[in-house]
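Side chains included, hydrogens not; waters and symmetry mates left out as well; all remaining heavy atoms used. Residues: numbered from 1 along the sequence shown.
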Amino acid sequence: MTTDADLHSDCSRCSGLCCVLLPFERSSEFALNKAGGVPCAHLDRHDLCDIHERLGSTGWPGCVIFECFGAGQLVTERTYEGATWREVEDLDELAAVFAATRMLQELRWHLREAAALDPLSGAAELEAEVAGLTLGRPVEILAIDMNGLRKRISDLLRRVSSAHRGRHDQPHRDLAGRDLRGQDLRRANLRGSLLITADLRGADLTSADLLGADLRGADLRDARLADTLFLSQPQVAAARGNAEATLPGRIFRPRHWAG
């Protein structure tokens, strides 16, 4: 059963912040150019995407991959007290608050997992601290020492990962395009590694640390991912997979994995 609903995006409770505030350039991920602060041409009058069901097939895979970790509804409902982007005078401030809140929410996602792995690590207390920061006023959110906070959390996650895996091996490996089919990658440290277009079909990634690993285009069909460490929804959405690949219970299976 999927949990952590407060850390998943809920577009019905947002005012289309990602569709308005974020810039993008025409590429393999986006069909058109758009400046930050300009509403996407596909944003309807209800602040919902009018091609949401067809994003992947109409040239917008970047939108499929994007996940705000619940920052959209939090900023809309709490930080700006229900005001939509149309009613906020300073869109630059709104964009900065949205970006900062998204980062805080993503950090909470990983801290919550760390707390489950090691209840004595202090992760639960730190997650509560970060949750409190998301409830501040815009000026307070923008004043957060994000670099310092990220370092504290990174150090904690590294300790939890090493203790759980029983290894202190080096992260940040370049495995882009590598043939890793059926490999035993249990307890491997793949944190920050390049796995772009890597072939991981049938690989066993049980207890492997995937924090920040680049999985764009990676083939995860039939892979064992149910017990990986620090995997996130955007990473899974950026990869290829199928119905047979296992996933952690808190991760939704992407639509393009169904076939």
Atom pair OG/CG of S162 and D209 - distance to nearest 0.5 Å: 8.0 Å
Pair Q105, R102: side-chain N/O donor-acceptor within cut-off below 3.5 Å: no
R165 and S161 side chains, donor-acceptor separation under 3.5 Å: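 Side chains of S161 and R165: pair found under 3.5 Å.
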Intermediate values then yes/no, salt bridge (charged side-chain N to carboxylate O under 4.0 Å, His left out), D222 and R201: CA-CA 6 Å; D222 302 317; R201 284 176 289 175; over 6 Å; no
For [X] versus [Y], what's the shortest heavy-atom pair and its separation?
X    : Y    : result
G148 : D145 : N-OD1, 3.1 Å
T228 : P248 : OG1-CG, 3.9 Å
T134 : I141 : O-CD1, 3.9 Å
G36  : P23  : N-CB, 3.4 Å

Just wondering, are more than 12 heavy atoms of other shown residues or ligands nearer than 6.0 Å to [atom1] in [X]?
X    : atom1 : value
R253 : CZ    : yes
R186 : CZ    : no
E81  : CD    : no
R137 : CZ    : no
E25  : CD    : no
R224 : CZ    : no

Salt-bridge contact R108-D4 (side-chain N to carboxylate O under 4.0 Å): no
Close aromatic pair by centroid cut-off 6.0 Å: W109 and H8: yes
W60 and F24: CA distance, side-chain angles, deciding distance, side-chain contact (heavy atoms from CB on, under 4.5 Å) verdict: CA-CA 11 Å; W60 300 88; F24 46 75; 3.5 Å; yes
Trace of the side-chain contact (heavy atoms from CB on, under 4.5 Å) decision for L210 with L195: CA-CA 10 Å; L210 288 170; L195 288 161; 4.3 Å; yes
Sole candidate of T76, L48, V75, V88 that passes side chain to side chain contact (heavy atoms under 4.5 Å, CB included) when paired with S15: T76
Trace of the side-chain contact (heavy atoms from CB on, under 4.5 Å) decision for S121 with R159: CA-CA 8 Å; S121 65; R159 292 195 301 271; over 6 Å; no
